[in-house]
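One structure is given here, and the rest of the page talks about it.
Positions are given from 1 along the sequence.
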Amino acid sequence: MARVYNFSAGPAVLPEEVLRQCADEMLDYAGCGMSVMEMSHRSSVFQKIIDDAEADLRALMNIPENYKVIFTQGGDSLLFSTVFMNLAANGKADYVITGNWAKKAFQEAQILGDAVAVASSADKNFSYIPDCSDLPIREDASYLYICENNTIYGTKFGELPNTKGHVLVADQSSMFLSGPVDVTRYGLIHAGVQKNVGPAGVQIVIVREDLVPDDLPGVPTMLRLKTQIDAGSLYNTPNCWGIYVCGKVFKWIEKNGGLAAMGERNAEKAALLYDFLDESELFSSTVEPSDRSLMNVPFVTGNKELDAEFVAEAAKAGLVNLKGHRSVGGMRASIYNAMPREGVEALVSFMKDFELSH
C-alpha cells in the first residue's frame, strides 16, 4: 500500500527517511543485538542515545548553557500542573487564553493557586491573538503563560507578549522546531513531541536553571523539575524509543538545513494553502490573516454536509485526517515539518477540483 499524505494534528507525520532508519535498526541497534525498545535505560548504549539527542537539540536551537533540557512523560497536560508548582514561587501566575490548551493550563493553575487570565480571544472562538503589547500583568505574578501556536484554532503569536519584565512560559507543542527561536526570551518552553518531532509519549522541557527551585515541600518527587534535571531525564524509566526517534528527527532537521531552512519551507507550504483559501469561492479560512499558524490550517465550506463529503472524498484520494476539531468544525490541515511540499500541492489540487465540481 502506498503511503498517504497524513494531515493529522498529532500524533502526526514523521519524515519517511527517519521511519526507514528506525525500521532498519528495529531488530539490532548499532550492532548491540537488540532493539532500542528492549534495552535498559541504564545501559551505555542508551546513555549515548539520550546524550546525543540533547546535544543535537541544543545545537539546533542554540540553547544556552544556563538552560536545562529534560525529556519527560505524562503529557503536556501534566506539565500544566508541573509548571505552576515549580515556577509560581508565590502561588501567582498570569495567563493569556488563546485556545483549549491555554485554557486547560489556566484551569490547572487555578486548582493549585492564584491564576489570572489577563487576555483572551474566546469572544470570537479563538480566531485571533489578542493584543499583548500592554497586558495588565500583576507585578507579583511569577510568570506569564502562553500557548504560542494553537493546534485546534490555527493561530500563532506573530510577536511575543510584552511581559513587562516577567518570566515568559510557552507551550510550543505544535510549532516546536518549525523555525528559529530565541530561547533566551523564555524562562521555560515545553512541548509534546507528537506534532513535529516524534511519537507520542515524550515531552521536552527547556528551562532556565535559576528558575528551578532546589526544594519544593509538599510537591511529589516526580512533579519536581529538579528531579529529572539531576537524573539527566533518567530518574525513572523514560520513553526510550520515543527519545531515540526524536534524536533521529533532530539529525534529519540539521541535515536538511536546520531551523532556518525549516522555517522557510513551512512558510512556503502554508502560503500555498492560504493563498488558495483567500481566492476560493467555496473554502475559507477561520483565522484572522495576521494571526495564522504555519502548522495548523483550519478551513470550512460553511456547509456541514459538504465538509463531511470533502473529508470522505479526500481520504479516498490519499489525503487523510483532514476532519476539523469539533470546536471549529470543517477541516484542518496540519502541515508540520515532515509534510512535504508535494502533500500540500496535492491537497490544494484536490480542493480546486472539489470546488469546480460543487
Whether Phe354 and Phe310 hold their rings parallel, tilted or perpendicular, with breakpoints at 30° and 60°: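 Rings of Phe354 and Phe310: perpendicular, over 60°.
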
Ring centroid separation for Phe84 and Tyr145, is it under 6.0 angstrom?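 No: the rings miss the under 6.0 Å criterion.
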
Are Tyr29 and Tyr244 an aromatic pair, judged by ring center distance below 6.0 Å?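 Yes.
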
Taking all atoms of both residues into account, what is the closest heavy-atom pair of [X] and [Y], and its distance?
X      : Y      : answer
Pro238 : Ile243 : CB-CD1, 3.9 Å
Leu14  : Gly198 : CD2-CA, 3.7 Å
Val96  : Val118 : CG2-CG2, 4.2 Å
Ala9   : Thr151 : CB-CG2, 3.8 Å
Tyr5   : Pro340 : CE2-CG, 3.9 Å
Met295 : Ser178 : SD-CB, 3.6 Å

Salt-bridge criterion met for [X] and [Y] (N-O under 4.0 Å):
X      : Y      : value
Lys255 : Glu17  : yes
Arg292 : Glu288 : no
Lys316 : Glu313 : yes
Glu25  : Lys248 : yes

Assess, by modelled atom type and distance only, whether the side chains of [X] and [Y] contain a donor and an acceptor separated by less than 3.5 Å.
X      : Y      : value
Ser81  : Glu108 : yes
Gln228 : Asn236 : yes
Ser127 : Asn125 : no
Asp28  : Ser35  : no
Asn296 : Ser334 : yes
Tyr95  : Tyr143 : yes
Asp171 : Ser173 : yes
Ser280 : Glu355 : yes
Glu139 : His166 : no

Close side-chain approach of [X] to [Y], heavy-atom, < 4.5 Å:
X      : Y      : answer
Leu177 : Met262 : no
Met175 : Asn196 : no
Ser121 : Ile97  : no
Val297 : Leu277 : yes
Val167 : Leu188 : no
Val169 : Leu144 : no
Ile204 : Ile70  : no
Leu19  : Arg3   : yes

Criterion side chain to side chain contact (heavy atoms under 4.5 Å, CB included) on Leu347 and Ile335, from CA distance to verdict: CA-CA 11 Å; Leu347 174 59; Ile335 49 178; 5.7 Å; no

Common cluster, Phe250/Trp252, ILVMFWY with side-chain heavy-atom separation under 4.5 Å: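 In one cluster with Phe250: Trp252, yes.
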
Report whether Leu57 and Val207 are members of the same hydrophobic cluster (ILVMFWY, side-chain heavy atoms less than 4.5 Å apart, transitive linking).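 Shared cluster, no.
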
May I have the step-by-step check of salt bridge (charged side-chain N to carboxylate O under 4.0 Å, His left out) for Lys164 and Asp134, ending in yes or no? CA-CA 8 Å; Lys164 299 180 178 178; Asp134 188 22; 2.7 Å; yes

Is there a donor-acceptor pair under 3.5 Å between the side chain of [X] and the backbone N or O of [Y]?
X      : Y      : value
Ser142 : Ala89  : yes
Lys269 : Tyr336 : yes
Ser349 : Glu345 : no
Asp94  : Ala141 : no

Compile the donor-acceptor pairs under 3.5 Å between side chains in residues 152-159 and protein atoms, sequence neighbours left out, one pair per line.
residue, atom, partner, partner atom, Å
Tyr153, OH, Asn100, OD1, 3.0
Thr155, OG1, Asn150, ND2, 2.9

Roughly how far, to the nearest 0.5 Å, is the [atom2] atom of [Y] from the [atom1] atom of [X]?
X      : Y      : atom1 : atom2 : result
Gln110 : Lys103 : CD    : NZ    : 10.0 Å
Leu160 : Asp182 : CG    : CG    : 9.0 Å
Phe46  : Cys240 : CZ    : SG    : 4.0 Å
Phe106 : Ser120 : CZ    : OG    : 9.5 Å
Gln172 : Ile189 : CD    : CD1   : 4.0 Å
Arg138 : Asn90  : CZ    : CG    : 8.0 Å

From CA spacing to verdict: side-chain hydrogen bond (donor to acceptor under 3.5 Å, both in side chains), Ser133, Asp131: CA-CA 6 Å; Ser133 61; Asp131 181 4; 2.8 Å; yes

Assess whether atom CH2 of Trp241 is packed by more than 12 heavy atoms of other residues, nucleotides or ligands within 6.0 Å. yes

Determine, step by step, whether Asp215 and Arg224 satisfy the salt bridge (charged side-chain N to carboxylate O under 4.0 Å, His left out) criterion, reporting the C-alpha distance in whole Å, the side-chain angles of both residues, the deciding distance to 0.1 Å, and the verdict. CA-CA 8 Å; Asp215 190 25; Arg224 302 182 187 190; 3.5 Å; yes

Worked check of side-chain hydrogen bond (donor to acceptor under 3.5 Å, both in side chains) between Asp210 and Asn66: CA-CA 8 Å; Asp210 65 287; Asn66 65 320; 5.0 Å; no

Assess the residue pair Glu16 and Arg20 against the criterion (salt bridge (charged side-chain N to carboxylate O under 4.0 Å, His left out)); give the C-alpha distance rounded to whole Å, side-chain angles, the decisive distance to 0.1 Å, and a yes or no. CA-CA 6 Å; Glu16 186 170 331; Arg20 293 188 183 279; 2.7 Å; yes

